[in-house]
Amino acid sequence: MEATPAIAIALVVLLPFVAAALAPLVYRLVGDFTGWVVALVPVAGFVALWGLLGRISGGEIITVAWPWAPSWGLELSFLIDGLSLTFALTIAGIGAFILLYSGAYLKGHKQGRFLGFLLAFMGAMQGLVLADNLVALYLFWELTSVASFLLIGFDHTRQAARRAAIQALLVTGFGGLALLAAGVTIYAISGGWELSAAGDLTSHLAYPLLVGLVLLAAFTKSAQLPFHFWLPNAMEAPTPVSAYLHSATMVQGGVYLVARMTPHLGGEAIWNLTLMAFGGATLLWGAIAALRQTDLKQMLAQTTLASLGLLILLLGAGTELAVTAAVLYFIAHALYKAGLFLVVGALDHGTGTRDITMLGGLRDPMTLSFIGTIMASAAMFGLPPLLGFFAKEEMYAALAIGQFESLLALVALVLGNALLGAVGLALLIKPFMGQLLPTPIEPHEAPVAMLAGPIAMGVLGIFLGFVPTLAGQLAVAPATSAILGVPVETHLKFSVDLLGPAFWLSLATWVLAIGLFLRLDLGRSLLRRAATTIGWSFDIGFDWLYFGIVRLAGAVTRLLHHGRLELYLFVVFALLVVAAIGPLWLLDGLPRGPQTLDLRFYEWGLVGLAVLGVVTVVCARSRLFAILALGVQGLAVALLYLVFGAPDLSFTQFMVEILSVVILALVMTRLDLDTADRRPLEDWARDGGVALLGGLAVTILLWAVIEGPFDVRLSTFFNAHSVPIAHGHNVVNVILVDFRGLDTLGEISVVMTAGIAMLALIRGARRSKRAEIAPVEPAPQRKRRAARKAAA
Amino acid sequence: MNSLIFRTIAPLLVAVMLVFSVFVLLRGHNEPGGGFIGGLIAASALAIYGMAMGVDAARTALKVHPLAYAGFGVALAALAGVLSILFDVPFLTGLWTIFELDEVEVAISTPMVFDIGVYFVVFGTIAAVALALEDEEGGA
């Protein structure tokens with residue numbers, strides 16, 4: 001039965017997320033067999049995608065779209081062409097073996113959560129390579145970063161794992177933001193969110209910006225120089241994660257992005273040369289750094305860097321042959337590198353160490369691992385008739401065309417491939433040949449679930465090498481067509497041109513690789529000495545930047561949030577003065593002031609009472625007296641409101657004044673303050689000056705308000721409608737509970753929240769006070785419980 | 001506060017203030033008053049009670065934590081707004097029923113319920129803070 005594209009997408013992208021949520025439950029039901037069960041998810045996806053292979057290789061492009069946010073013109077759209085299908089099949093195929101492997105690798109651990117993370121990553125990665133909508137692309141892109149964060153930091157009790165997880169998240173998340181900016185830019189240019197409809201963007205003014213953003217995203221994700229440092233650190237993750245995310249799929253996200261953008265952005269020198277330069281540099285950097293390592297996993301991580309650089313370099317070259325080589329190499333690399341990682345995990349599992357200098361002669365106790373390694377290393381070394389060989393032939397043929405930059409790239413390729421070949425030889429010969437060395441654990445073969453992956457991938461690599469034409473027709477040519485934007489026929493066939501330059505370059509590579517392998521120990525010690533001499537690495541640079549930002553934030557916070565109450569108040573009131581008077585003064589709106597003061601005698605009396613209250617506050621010797629005097633002033637103001645016809649306001653003012661006095665008095669008695677105010681003269685002058693200016697500013701502002709024309713529209717409306725439609729004569733209350741009810745609802749929520757905050761403050765102050773007096777014994781209860789457990 | 005006169009008078013004063021606060025609350029729609037001012041009066045009453053009889057007595061009299069009153073108030077006000085959904089009118093639209101009770105016109109309305117919510121929020125919050133500050137020893 002052939003699945004429709006919509007069902008295939010649902011199976012491939014959405015099912016893993018559902019399965020991720022269910023994985024812990026599955027673990028509870030079937031225990032250590034969880035790996036076998038959840039591996040069915042990618043298998044289902046693989047089968048569904050396989051059903052579409054015929055249509056795609058026939059040149060068809062399938063799109064699937066669901067409505068997402070119609071009001072924003074967003075559709076959850078997916079596009080299946082040769083490129084996305086090749087990636088999606090790789091992700092699903094390898095993913096099945098990875099899940100299977102993980103179940104055995106983490107046997108006895110709580111693996112439900114781990115497998116759930118892996119499944120969620122798988123869904124995100126599939127979404128990334130299949131999405132057509134730019135927002136969806138960004139979303140899946142960031143989801144893979146988040147999943148990678150969770151998986152690298154899975155063993156979160158180790159500091160190194162946490163650091164590596166944060167580093168990977170920051171670097172790739174930063175690139176994700178660039179991708180978002182690129183997506184928005186493309187939307188602004190083309191007017192649609194579908195990447196497939198964007199067309200050629202090279203002639204647009206924003207083209208250099210777009211290239212910068214896309215390459216920033218791709219280089220951070222695919223760990224190109226100078227963002228490469230996170231990938232070796234990410235080896236803190238459990239081995240299946242390294243095999244899956246950090247060699248075969250997630251880090252290929254950047255390569256995928258470059259390939260996907262090639263029809264829209266490619267063909268210009270700025271694109272091609274930047275890619276070739278960064279790719280070439282990363283290739284050599286990674287390949288050389290791999291020689292320096294003794295940890296098998298670190299060696300593989302560095303060679304992954306090199307391979308990523310190689311792919312970027314080939315996509316940068318951009319010719320039909322180069323792109324074909326890139327697609328071939330992507331498939332070959334995914335198969336052999338994931339296999340090698342899995343074998344290293346099996347070695348670690350079976351011997352207790354990953355140090356290449358401590359392993360030897362394992363071919364007898366770990367025969368199946370040995371066979372898996374032979375096939376993977378041969379592919380890495382590029383022996384015919386494996387797929388790796390054809391990939392290498394293809395890339396040499398692509399670049400041996402005589403231009404200066406391609407010749408330079410060719411030199412980098414030969415050198416890089418030779419270094420990779422030497423590492424491949426080392427991975428095969430050092431641990432497996434020679435004498436059996438003593439290891440922390442008695443060497444034993446890994447379980448079948450852990451060996452299925454390396455063996456199957458190795459066999460597949462050999463099989464595809466025997467039928468390159470089939471591989472070319474089914475995957476390579478359609479993917480190449482999608483990258484180049486023009487239909488391409490496959491030219492791959494099972495033959496070697498012994499006289500062509502490509503073969504001679506391959507021979508040179510092999511010779512060089514063997515030479516390098518024989519001199520491996522010398523090279524390693526030289527490189528190590530060089531690294532110690534330099535004493536600086538990009539990793540240290542990252543820390544420098546990271547902690548620099550933290551320190552800067554701390555310094556800014558301390559500057560603004562110094563904790564000195566009198567300074568806070570000074571700043572607030574000084575700014576109030578500026579804000580109140582500044583605009584009035586600048587815009588020539590200063591009020592003229594009252595011309596006559598026509599007040600009755602009792603009104604004068606109330607004003608006098610208020611003034612008396614204020615003067616008493618300032619002159620009072622004790623704080624309590626000052627608070628009471630402030631209350632007198634407040635009550636005088638309340639009486640003024642009453643006299644001038646605002647009974648509601650006056651009523652409220654009375655209550656607020658009384659409560660303020662009570663609460664202020666309570667607060668003051670709680671704080672251990674001097675009863676009197678003993679400020680030095682300069683503080684007194686500063687605070688008094690600000691207070692006077694503040695009062696003056698508010699007065700001027702209020703005068704200006706009174707002098708301005710009074711807009712009666714609102715009061716007319718409220719007066720006219722209060723009784724007929726709101727049934728209330730008290731307009732103020734009607735406004736509060738009816739006309740502006742939503743505002744009031746918000747305000748009372750704020751009142752309650754403020755109350756909670758105040759209680760917390762009061763409680764916190766009390767607790768710290770108590771802690772000063774008598775330090776509390778830490779958690780006596782737990783101790784007692786532990787004792788009881790021990791007794792039981 | 002250790003004053004016999006105060007302790008004797010306080011319960012009476014508190015009772016009068018509470019009744020008055022409800023009166024102020026209910027008349028608010030047509031005359032000066034309303035939920036906010038009513039809540040302030042009620043909170044003052046409780047503060048006085050706490051000073052006279054002790055914080056523990058005040059807390060016992062309240063039965064639940066004063067902030068629970070505030071939360072109840074927000075919920076009540078929101079409920080008064082949500083009620084409009086039953087009549088297919090926008091959130092917080094005022095709904096009124098006016099009926100004659102012994103020749104007196106009585107009006108029941110969602111704005112009134114809303115105002116009662118405001119009353120509880122103000123009362124609960126101020127009472128919580130005041131009691132916490134009055135409380136010399138124990139946790140708030």
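Chain letters run A, B, ... following the sequence lines, proteins first and then strands; every chain starts at 1.
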Review point. Which atom names give the shortest non-hydrogen contact between A:D738 and B:P111, and what distance separates them?
Key: OD2-CG, 3.6 Å
Study note, to complete from the structure: So CG of B:L40 and CD of A:Q653: to nearest 0.5 Å the spacing works out to 11.0 Å
Check your understanding: What heavy-atom pair brings B:A132 and A:I762 nearest, and what distance separates the two atoms?
Key -> CB-CD1, 3.9 Å
Practice item. Please check if atom CD1 in B:I85 has more than 12 non-hydrogen atoms from other residues, nucleotides or ligands closer than 6.0 Å. Key: no
**Study point:** Heavy-atom side-chain contact between B:M112 and A:V737 under 4.5 Å
**Key:** no
Point to revise | A:M752 portion near chain B, given a 4.5 angstrom heavy-atom threshold | key: both
Practice item. Indicate whether any N or O donor in one side chain lies under 3.5 Å from an N or O acceptor in the other, for B:H29 and A:N730. Key: no
Exercise for review: Might you confirm whether atom CZ of A:F718 has over 12 heavy atoms from other residues, nucleotides or ligands at distances under 6.0 Å?
Suggested key: yes
Practice item. Start with the C-alpha distance between B:S109 and A:H727, add both sets of side-chain angles, then the distance that settles side chain to side chain contact (heavy atoms under 4.5 Å, CB included), and finish with yes or no. Key: CA-CA 10 Å; B:S109 64; A:H727 310 282; over 6 Å; no
Exercise for review: Please indicate whether A:R740 has more than 12 foreign heavy atoms, meaning atoms of other residues, nucleotides or ligands, lying under 6.0 Å from its CZ.
Suggested key: no
Review point. Where do B:V74 and A:S749 come nearest, in terms of heavy atoms and distance?
Key: CG1-OG, 4.0 Å
Check your understanding: Any idea which heavy atoms bring A:L759 and B:A128 closest together, and the distance?
Key -> CD2-O, 3.6 Å
Exercise for review: Could you tell me which portion of A:L649 (side chain, backbone, both or neither) has an atom closer than 4.5 angstrom to a non-hydrogen atom of chain B?
Suggested key: neither
Exercise for review: Decide side chain to side chain contact (heavy atoms under 4.5 Å, CB included) for A:F651 and B:V24; before the verdict, give the C-alpha distance in whole Å, the side-chain angles of both, and the deciding distance to 0.1 Å.
Suggested key: CA-CA 10 Å; A:F651 207 162; B:V24 169; 3.9 Å; yes
Check your understanding: A:D648 side chain to B:G33 main-chain N or O, any donor-acceptor pair under 3.5 Å?
Key -> yes
Practice item. Find the distance between CZ (A:F654) and CD1 (B:I37) and round it off to the nearest 0.5 Å. Key: 10.0 Å
**Study point:** B:L133 side, atom CG; A:M668 side, atom CE - distance, nearest 0.5 Å
**Key:** 12.0 Å
Point to revise | B:L12 CG: over 12 foreign heavy atoms closer than 6.0 Å | key: yes
Review point. Do you know the tightest heavy-atom contact between B:F91 and A:L745?
Key: CZ-CD2, 3.8 Å
Review point. Counting heavy atoms not belonging to A:H561, are there more than 12 under 6.0 Å from its NE2?
Key: no
Exercise for review: Can you establish whether the number of heavy atoms outside A:D711 located under 6.0 Å from its atom CG is more than 12?
Suggested key: yes
Review point. For the side chain to side chain contact (heavy atoms under 4.5 Å, CB included) test, which of A:L736, A:N733, A:V751, A:I748 pairs with B:V118?
Key: A:I748
Revision key, fill the gap. Most contact-rich option vs chain A, by heavy-atom pairs under 4.5 angstrom, among B:S44, B:A80, B:G94, is B:S44
Study note, to complete from the structure: Separation between CH2 (B:W96) and CD1 (A:I725), nearest 0.5 Å, reads 11.5 Å
**Study point:** Residue among B:A77, B:G28, B:G124 with most heavy-atom pairs under 4.5 Å to chain A
**Key:** B:G28
